[in-house]
Asker: 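Right, I'll just put the structure down here and ask away after.
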Amino acid sequence: MSRIEEISAVKRHTWLRLLAVLFAFTLVAAACGDDDDDGESTDDTTEEDGGEDEGEEGDESDEGAEDEGGEEGAAGVDGGELIWIHEQEPPDLHLNDPNNNLSITSWLVQGMWESLWGVAGDTTFFPELLADEPEVTDNGDDTYTIDMVLRDGLTWSDGEPLTAEDVEFTFNVVMETDDAGEFVYLIGDRTGWDQITDFTVNSDTEFSVTFDGFYSGYKALWSGSMSVMPSHAFGEGAGAAEVNEALREWQGADGTLPSSGPLLFGEWERGVSMTFNRNDSYHGSVSPDVENTGVAHVDTVVVSFATDTDTEIQALKAGEAHVIFSQPQTDFGAELATDEMFTVASLAGPVYEHWGFNLLNPHLAKPEVREAIAYALDKEQVVTALYEPLFGDLLPTAGLGNTYWMSNQPDYEDHQTEYAGANVDAAREALEAAGYVDEGGVYTHPEDGALSLRVGTTGGNALRELQQELIQAQLGEAGIEITIDNVPGGAYFSERPFSEQAVAAATTQGAEGDPTIWDITQFAWVGGPWPGGNTAAYRTGSGNNPYAYANPAFDELATECDATVDEAERAACYNEADTLVTQLTDDGQGLVVVPLTQKPSFYAYNNELLAGAAVSPDANDAGPLVNVVDYQFAE
């Protein structure tokens, strides 16, 4: 059995089972309180891919597989056009631009540019462009130096060697400032970068980076979303401004930007598809997930953009697309997960769905209200009703109880076991302790009125909308009225929790902006192997913290975690930090979020047309093209 077959041991569920589950859900929803929802039901336009295109057979020579690094005796042929269908098209390819921080952009760029560290399917870092793990030296003066060595034989697709000077160029681009002292390169956060006090190139393959203190996230600085850039490709004397411009259309001073990864940028027909060609100069992958350590088997990869789930499904069933790696939708469970033509190979990566609270709301500011919601919400019912039909037993039925560590990581601890299952009595007791009185099935506060809260998400995503309705029914049993307030697609974020006025209110504790734009938000945070990246969602004043959570004790502890050298102590520290936001603390703070479950992308491939498929790590730093070398057509 191949690695992809081992990973894809996902139970197939019948359509009748899905119907039964959803019918049971409908009964639950209908049995509770008010149903005055104004949530919309539009076509899915959330976070990832889509489309359709024509498949094309290429060179069927078995010799080609050996010459190009394919595994001898592989059950397939080289050549052909692989079509990945996806529901979202990026606005441009400047991944680090805060206005374009989409997973799809990251997944596309990773097929072309590699990083010092890659991300494996088990959500761990591995040296990608580096020859080995680096040496970290405590200099004895509170500074730490990391000595790194690149792999031998690294090249760009245009024949230029990839050297330590390219790594230095990338660092200089990120940290370049203009005459006014403002950073030029478009990136949302320079935490960690701003701790680097020295970058020294020692040879073509050797370089040293010195930090002003130990920073445990140093690998994350140089992983998928921050690839090494080709210093020669932007023009003589080019800097951050030229890089910003070039990345949008992937065009440098001399044309198409060269690649260090297995794919070359081809063409982009906006609104239709994006095409990539094989990099025949590729130096090979060292990912622990790949079987083929040479160039890709397929000639071409087409990412075909579709705007609705039905188009994706029909293209896959007609053989007009071969792979889907997409936001999970309920229809995928009925149409694809149960079809023997497709192998479901999703991984439980560091992407988690959550309900987050706006602490500036007068109801949600009360710890008893947040705790009542946690008591009334039944994660197990959410997982079994909505996620099992898609992913089988990939996810724990108890749901998720941590935001720093995921359930399949060794350091995971469930910090919300107190709220396991639906405990309506405990929810009501908490509300009554805060002075609420049940009036006609909805609790009311003498000063703040009826406990009626809005929840919003990316409208048009059927799975998320069903999730809202299911939790709405659960909370209604406890006298908490939930109104659904969605905005279609990705516009939800810019209009609700991350709108200019909402962010201003969150970062100033309501002194500026508008704190009333949203009450409860439902979306997925995308993490990675380094848990410290999650801190930005909770740090006081952070633009990534929409909840208005401000706790100096948390800020201090999170900073301490990042600077902890011992791995076991650091893991425990992050767990402690998580308890401050997922549990109610003695001073009434905390319980800012209720993590629901990990949310894998739905990854499936046509096992009749493909002899082999790639392991696709499910993270912002890794996706379906990072191991594209392993896709191969059947004879």
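Quick caveat: nothing in here was measured; it's all calculated off a predicted structure.
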Asker: In terms of side-chain geometry, is the basic nitrogen of E133 or K219 positioned less than 4.0 Å from the acidic oxygen of its partner?
Answerer: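 K219 and E133: salt-bridged.
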
Asker: Quick one, V628 and L263 - any side-chain contact, counting heavy atoms below 4.5 Å?
Answerer: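 Side chain of V628 against side chain of L263, heavy atoms only: contact under 4.5 Å found.
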
Asker: Give a yes or no answer on whether the side chain of W107 reaches the backbone of A622 with a donor-acceptor pair at less than 3.5 Å.
Answerer: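 Yes, because the side chain of W107 sits within donor-acceptor range (under 3.5 Å) of the backbone of A622.
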
Asker: Find the distance between CG (D189) and OG1 (T535) and round it off to the nearest 0.5 Å.
Answerer: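 Here the rounded value is 10.5 Å.
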
Asker: Give the intermediate values and the outcome of side chain to side chain contact (heavy atoms under 4.5 Å, CB included) for residues W222 and L129.
Answerer: CA-CA 10 Å; W222 302 98; L129 292 176; over 6 Å; no

Asker: Under 3.5 Å, side chain of N607 to main-chain N/O of E340, donor-acceptor pair present?
Answerer: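 At least one qualifying donor-acceptor pair exists.
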
Asker: Would you kindly say whether E89 and W268 are connected by a side-chain donor-acceptor distance under 3.5 Å?
Answerer: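 Judged by distance alone, the side chains do pair up.
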
Asker: Within the 3.5 Å criterion, strictly below it, is a donor on Y603 or S326 matched to an acceptor on the partner's side chain?
Answerer: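 Note: Y603 and S326 side chains miss the donor-acceptor criterion.
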
Asker: Within a strict 4.5 Å, meaning less than it, do heavy atoms of the L610 and L82 side chains meet?
Answerer: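 They are in side-chain contact.
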
Asker: If we ignore angles and hydrogens, is there a donor and acceptor under 3.5 Å between the side chains of Y352 and S407?
Answerer: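 Their side chains do not contain a donor-acceptor pair, so the 3.5 Å distance test is not met.
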
Asker: Please find the pair of heavy atoms, one from G294 and one from V629, that lie closest to each other, and give the distance.
Answerer: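 Taking G294 first and V629 second, the nearest heavy atoms are O-CG1, 3.4 Å.
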
Asker: Does a salt bridge link D97 with R248, judged by any charged N lying under 4.0 Å from a carboxylate O?
Answerer: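 Counted as a salt bridge, because a side-chain N and a carboxylate O are separated by less than 4.0 Å.
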
Asker: Any donor-acceptor pair under 3.5 Å linking the side-chain atoms of H322 with those of E81?
Answerer: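 The answer is no; no qualifying pair exists.
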
Asker: In the structure I gave you, are the side-chain heavy atoms of Y631 and P624 within less than 4.5 Å of one another anywhere?
Answerer: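 Yes, close enough: below the 4.5 Å cut-off.
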
Asker: Rounded to the nearest 0.5 Å, what separates atom OG in S223 from atom CZ in F125?
Answerer: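 Spacing of OG (S223) from CZ (F125) equals 4.5 Å.
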
Asker: Can you find a pair of side-chain heavy atoms, one from P617 and one from D289, that are under 4.5 Å apart?
Answerer: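 Sidechains of D289 and P617: in contact.
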
Asker: Just verifying a value: how many Å separate L116 CG and L221 CG, rounded to the nearest 0.5 Å?
Answerer: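 Rounded to the nearest 0.5 Å, the CG-CG separation comes out at 10.0 Å.
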
Asker: Can a donor-acceptor pair be found, under 3.5 Å and without considering hydrogens, that links the side chain of N627 to the backbone of D630?
Answerer: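 Pair absent, no side-chain N/O of N627 close to backbone of D630.
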
Asker: State, to 0.1 Å, how close L108 and P90 come at their nearest heavy-atom pair, and which atoms those are.
Answerer: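 Between these two residues, the closest heavy atoms are CD1-CG, 3.8 Å.
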
Asker: To the nearest 0.5 angstrom, please state how far the CG atom of L347 sits from the CG atom of L394.
Answerer: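 The distance works out to 7.5 Å.
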
Asker: Which residues pass the ring pair (Phe, Tyr, Trp, His ring centres under 6.0 Å) test with Y492, not counting sequence neighbours?
Answerer: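 Once residues adjacent in sequence are excluded, Y492 has no partner under the ring pair (Phe, Tyr, Trp, His ring centres under 6.0 Å) criterion.
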
Asker: Is the closest side-chain donor-acceptor distance between S106 and Q110 under 3.5 Å?
Answerer: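 The answer is yes; a qualifying pair exists.
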
Asker: If we ignore hydrogens and angles and just use 3.5 Å, is the side chain of N279 paired with the main-chain N or O of G261 as donor and acceptor?
Answerer: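 Pair found, side chain donor or acceptor close to backbone of G261.
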
Asker: Tell me if a side-chain donor or acceptor on D411 pairs with a main-chain N or O of A571 at a distance below 3.5 Å.
Answerer: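 Between the backbone of A571 and the side chain of D411 there is no qualifying donor-acceptor contact (under 3.5 Å).
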
Asker: For Q416 and L400, which heavy atoms make the closest approach, and how far apart are they?
Answerer: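 That would be OE1-O, 4.4 Å.
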
Asker: Just so I know, are the side chains of H297 and R278 near enough to count as touching, which here means a heavy-atom distance under 4.5 Å?
Answerer: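 Of all side-chain heavy-atom pairs linking R278 with H297, none is under 4.5 Å.
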
Asker: Centroid separation under 6.0 Å, is that true for the rings of F523 and F493?
Answerer: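 Yes, they do, as the ring centres are separated by less than 6.0 Å.
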
Asker: Distance from M112 atom CE to T256 atom OG1, nearest 0.5 Å?
Answerer: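 Nearest 0.5 Å value for the CE-OG1 distance: 10.0 Å.
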
Asker: Show your reasoning for whether ring pair (Phe, Tyr, Trp, His ring centres under 6.0 Å) applies to W250 and W113.
Answerer: CA-CA 11 Å; W250 214 252; W113 279 1; 4.5 Å; yes

Asker: Going by atom types only, do E114 and Y282 share a side-chain donor-acceptor pair under 3.5 Å?
Answerer: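 Per modelled atom types, E114 and Y282 side chains form a pair under 3.5 Å.
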
Asker: Could you grab the distance from atom CD of E413 to atom OG1 of T582, nearest 0.5 Å is fine?
Answerer: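 Output value for this atom pair is 10.0 Å.
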
Asker: Quick check: does any side chain N or O of E267 sit under 3.5 Å from a backbone N or O of M274, one acting as donor and the other as acceptor?
Answerer: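 No, because the side chain of E267 does not come within donor-acceptor range (under 3.5 Å) of the backbone of M274.
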
Asker: Can you tell if the side chain of P600 reaches within under 4.5 Å of the side chain of F391, non-hydrogen atoms only?
Answerer: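 Sidechains of F391 and P600: in contact.
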
Asker: Which pair of non-hydrogen atoms, one from V295 and one from D280, has the smallest distance, and what is that distance?
Answerer: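 Where V295 meets D280 most closely, the heavy atoms are CG1-O, 3.9 Å.
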
Asker: Which pair of non-hydrogen atoms, one from P531 and one from Y574, has the smallest distance, and what is that distance?
Answerer: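 Scanning both residues completely, I find the closest heavy atoms to be CG-CD1, 3.4 Å.
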
Asker: Go through Q381 and L470 one step at a time and tell me if the side chain to side chain contact (heavy atoms under 4.5 Å, CB included) criterion holds.
Answerer: CA-CA 8 Å; Q381 189 179 42; L470 184 55; 3.7 Å; yes

Asker: Here's a test for you: under side chain to side chain contact (heavy atoms under 4.5 Å, CB included), which of Y605, F332, F342 qualifies with L316?
Answerer: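 In the set Y605, F332, F342, the residue that makes a side chain to side chain contact (heavy atoms under 4.5 Å, CB included) with L316 is F342.
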
Asker: Checking K379 side chain against G421 main chain: does a donor-acceptor pair fall under 3.5 Å?
Answerer: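 Checked: no pair found.
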
Asker: Measure up the W117 and Y218 rings against each other and bin them: parallel (under 30°), tilted (30 to 60°), perpendicular (over 60°).
Answerer: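 The rings of W117 and Y218 stand perpendicular, inter-plane angle above 60°.
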
Asker: Residues in side chain to side chain donor-acceptor pair (under 3.5 Å) with Y412, at least two apart?
Answerer: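 Once residues adjacent in sequence are excluded, Y412 has no partner under the side chain to side chain donor-acceptor pair (under 3.5 Å) criterion.
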
Asker: Are L463 and Q467 side-chain neighbours, meaning at least one heavy-atom pair lies under 4.5 Å?
Answerer: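 Not touching, per the 4.5 Å side-chain cut-off.
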
Asker: Can you find a side-chain donor-acceptor pair between T403 and W525 that sits under 3.5 Å?
Answerer: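 The criterion, which ignores hydrogens and geometry beyond distance, is not satisfied for W525 and T403.
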
Asker: Is a donor on one side and an acceptor on the other found under 3.5 Å between the side chain of T384 and the backbone of E380?
Answerer: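 Yes, because the side chain of T384 sits within donor-acceptor range (under 3.5 Å) of the backbone of E380.
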
Asker: Between E353 and Y387, do the side chains contain a donor N or O and an acceptor N or O under 3.5 Å apart?
Answerer: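 No pair is found: no donor N or O on one side chain lies under 3.5 Å from an acceptor on the other.
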
Asker: What's the verdict on side chain to side chain contact (heavy atoms under 4.5 Å, CB included) for T330 and L466, showing C-alpha distance, side-chain angles and the deciding distance?
Answerer: CA-CA 9 Å; T330 54; L466 283 173; 3.5 Å; yes

Asker: Less than 3.5 Å apart, any donor N or O on the side chain of T309 or D331 sitting next to an acceptor on the other?
Answerer: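 Short answer, no.
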
Asker: Looking at side-chain heavy atoms only, is the closest gap between S616 and V626 below 4.5 Å?
Answerer: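 A side-chain contact under 4.5 Å is absent here.
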
Asker: Can N408 and Q598 be counted as having a side-chain donor-acceptor contact under 3.5 angstrom?
Answerer: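 Yes, a side-chain donor-acceptor pair sits under 3.5 Å.
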
Asker: Provide the closest heavy-atom pair for A619 versus G527 in the form atom of the first, atom of the second, distance.
Answerer: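 It is CB-O, 4.0 Å.
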
Asker: Looking only at side chains, do D618 and S601 share a donor and an acceptor under 3.5 Å apart?
Answerer: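 D618 vs S601: donor-acceptor pair found between side chains.
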
Asker: Which of these passes side chain to side chain donor-acceptor pair (under 3.5 Å) with N486: Q522, Q468, R464?
Answerer: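 Answer to the side chain to side chain donor-acceptor pair (under 3.5 Å) test with N486 among Q522, Q468, R464: Q468.
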
Asker: Does either side chain, that of N575 or that of N402, offer a donor lying less than 3.5 Å from an acceptor on the other one?
Answerer: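 Yes, a side-chain donor-acceptor pair sits under 3.5 Å.
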
Asker: May I have the step-by-step check of side chain to side chain contact (heavy atoms under 4.5 Å, CB included) for L596 and I471, ending in yes or no?
Answerer: CA-CA 11 Å; L596 299 173; I471 298 174; 4.0 Å; yes

Asker: State whether a side-chain donor-acceptor pair under 3.5 Å links D414 with T417.
Answerer: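 Side chains of D414 and T417: no pair found under 3.5 Å.
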
